[in-house]
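As structure tokens, the structure follows; a few thoughts come after it.
Side chains are part of it too, since the values below use all heavy atoms of this structure and drop only hydrogens, waters and symmetry mates. The structure presented is a predicted model; accordingly, all values stated were derived computationally and were not measured. Lettering of chains follows the sequences in order, A, B, ..., and the numbering in each one begins at 1.
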Amino acid sequence: MSRVRPSPTLISVLLGIALVALAPCVVTNSYALVPLTFIAIYTILVIGLNMLMGYAGQVSLGHAAFFAIGAYTSAILSTQYGCSPWAAMPAGMALAGIVALLVGMPCLRLRGHYLAMATLGFGMIVYILLMEWPDSPPLLLATLGRLLHLPASTPWPFTGGASGLPDIPALAIGSFVFHTNLQKFYLTWAFAILALLLCANIVNSRVGRALRAVHGSEAAAATLGVNIAAYKIHVFVLSAILAALAGSLYAHAVGFISPPTFNFIRSVDFVVMVVIGGMASIWGAVLGAGTIVLLGNWLQDVGAKFPRLAEFDLIIHSAILILVMIFMPAGIVCTARDAVLRRLRGRATAPAAAAPAHSEEVATP
Amino acid sequence: MTALLDIRHLTRAFDGLLAVSDVSFSIAGGQITALIGPNGAGKSTLLNLVSGTLPPTGGVITYQGQVISGCPPHRIAEYGIARTFQHVELFMNMTAAENVMVGRHLRSRGTLFSAMFRLFGTAAEERRVREDALRFLERVGLREDADTPASALPFGRQRLLEIARALATEPKLLLLDEAASGLSTREKRELVSLIYAIRDAGVTIFMVDHDMDLVMSISDAVVVLDHGEKIAEGTPTAVQHDARVIAAYLGEEAAHA
């Protein structure tokens, strides 16, 4: 057993980098890079949700809300407060982390699927807040501001309600602005690969082992000193931070955000992405995000011919969820890997298996 | 002889049914203490109460002078109490070595953050944890099964793996829940010498078992439960001649006949 053998994680990361670097050579149409950019953004979100579902065994039906917190914090800070997007991004991630801690703490101390219910409600609340956020401070807050001697010029953050927030600046390094589709493609995939690498590191560590142990047997893990509730909260907070990072990248890449993108129903799409990719398989996140984004695009194309079809996307996504759960409960990645392994093993053993069958035929007159 | 674990008026009710009722006894450090009793006497429940897997509904458990009853299981593990399970509770999704590596959880420090960024010392700690795990596998004779998935091990080895995993926490008190059940005669003999070796290494053993011959031959003290109540306590010989113990076991046999 050699210690210098490159780890599977390193190989996967290098492979990922190579694929991303070469993709624009194949996809020459710059419009076709847009869905690929969305895949990178959703991959970041799905990795976190995948760890929550696959390793902590909890479902969140409110990740669209953390996605929204990242996007709106980034957008508001960079358009209304003159912050650099690079400062707005971690601010959104921090806010999402704190909110996740507050939402998750009471639920994750209990056994069972309380988190799914709490996050569903939380997702609805955030969506309604985005829609109904007042354009000027409510009287009570304005009075409080005056009492605290806040300068009257302190801007009041607004979400733009149903019409959303336009003119969000693109990310830039010095004077280099990421504004073409190709530049955004590389930028978002750099983040996605980094997120994949960091999460793969977690999976192959003391904490990842503890999480897998919880998955294997909660009772045994606890008696070995694993603080199950604490780890569930850690993973939930991490997943919220990743969702906020994705949201922030979305805001700066698209330049415009509005509530429908963050509708609580979108949270179900994210869960579908996790299930398709396979729970507890962070590389499956790419496939899960890819399938749903490309399917959505295809539905839009078809929808141009059949205008009513686009309204059925939720039904179609739900149908996929049900079919995957029935036929590929381990997700696409694991099912495909097992099928390939079985095929390889089958080829290796086939001649051996055929031989006795043949001799049997001979033996029986 | 000092008491390592002291159990006072321990009670556990399930919907009004008393699984463990007002049980008091103590376990001496460095000894092998066995808990026996007919089926349904509350033995496993009592073990679950000590390891924190179940919270008691009444009574107090003191370990080295500190009250541990009511603590969650991961806190009790920190005190130095480890256990195995009646129905093997291995992490079937992991290899034998990885199972034992989880046992090193409290003896390593890596956090979510340090793991993510592979901070200084992460790789070295991982290597150390694996080496430690292999050492514990060696102790129970499973060194060559290190990279075998736990689910692929034969039953007898799974039991040993659970013991290795528990030992990896470096406990002062080891709770064995029916460690011999389902083992062949030869495996049982190996288990006995392993238990002696563990005891000789300074670990106190508290075991629940059905196998009367095994219990009587290796334990220093025996506690007998029946219908959740303690009916006898003493040396194996004293307990074997106790009228209430004989009645409890005969009663069970009569009921089975």
Region of [X] that comes under 4.5 Å of a non-hydrogen atom in chain A:
{"X": "V102(B)", "result": "both"}
{"X": "I76(B)", "result": "neither"}
{"X": "T84(B)", "result": "neither"}
{"X": "R165(B)", "result": "both"}
{"X": "L90(B)", "result": "backbone"}
{"X": "M101(B)", "result": "both"}
{"X": "T169(B)", "result": "side chain"}
{"X": "E125(B)", "result": "side chain"}

Would you call [X] and [Y] a side-chain contact if the rule is heavy atoms closer than 4.5 Å?
{"X": "R209(A)", "Y": "E126(B)", "answer": "yes"}
{"X": "R212(A)", "Y": "N93(B)", "answer": "yes"}
{"X": "L238(A)", "Y": "M116(B)", "answer": "yes"}

Kindly compute the distance separating [atom1] ([X]) from [atom2] ([Y]), expressed to the nearest 0.5 Å.
{"X": "M92(B)", "Y": "H215(A)", "atom1": "CE", "atom2": "NE2", "answer": "14.5 Å"}
{"X": "N48(B)", "Y": "T223(A)", "atom1": "CG", "atom2": "OG1", "answer": "10.0 Å"}
{"X": "E78(B)", "Y": "N227(A)", "atom1": "CD", "atom2": "CG", "answer": "8.0 Å"}

*asked:* Counting only non-hydrogen atoms closer than 4.5 Å, does L211(A) touch chain B with its backbone (N, CA, C, O), its side chain (CB onward), both, or neither?
replied: neither
*A200(A) portion near chain B, given a 4.5 angstrom heavy-atom threshold*: neither
Are more than 12 heavy atoms from other residues, nucleotides or ligands located less than 6.0 Å from atom [atom1] of [X]?
{"X": "R135(B)", "atom1": "CZ", "answer": "yes"}
{"X": "Y114(A)", "atom1": "OH", "answer": "no"}
{"X": "F117(B)", "atom1": "CZ", "answer": "yes"}

For [X] versus [Y], what's the shortest heavy-atom pair and its separation?
{"X": "A166(B)", "Y": "L224(A)", "result": "CA-CD2, 4.5 Å"}
{"X": "G225(A)", "Y": "H74(B)", "result": "C-CB, 3.6 Å"}
{"X": "H105(B)", "Y": "A210(A)", "result": "CE1-CB, 3.6 Å"}
{"X": "G110(B)", "Y": "R206(A)", "result": "O-NH1, 2.6 Å"}

*asked:* Just to verify, which of N201(A), V237(A), I202(A) counts as forming a side-chain contact (heavy atoms from CB on, under 4.5 Å) with L112(B)?
replied: I202(A)
*Pick from A150(B), A168(B), A115(B): which one has the most heavy-atom pairs with chain A under 4.5 Å?*
A115(B)
*If you count heavy-atom pairs under 4.5 Å between each of G52(B), S51(B), S108(B) and chain A, which one has the most?*
S108(B)
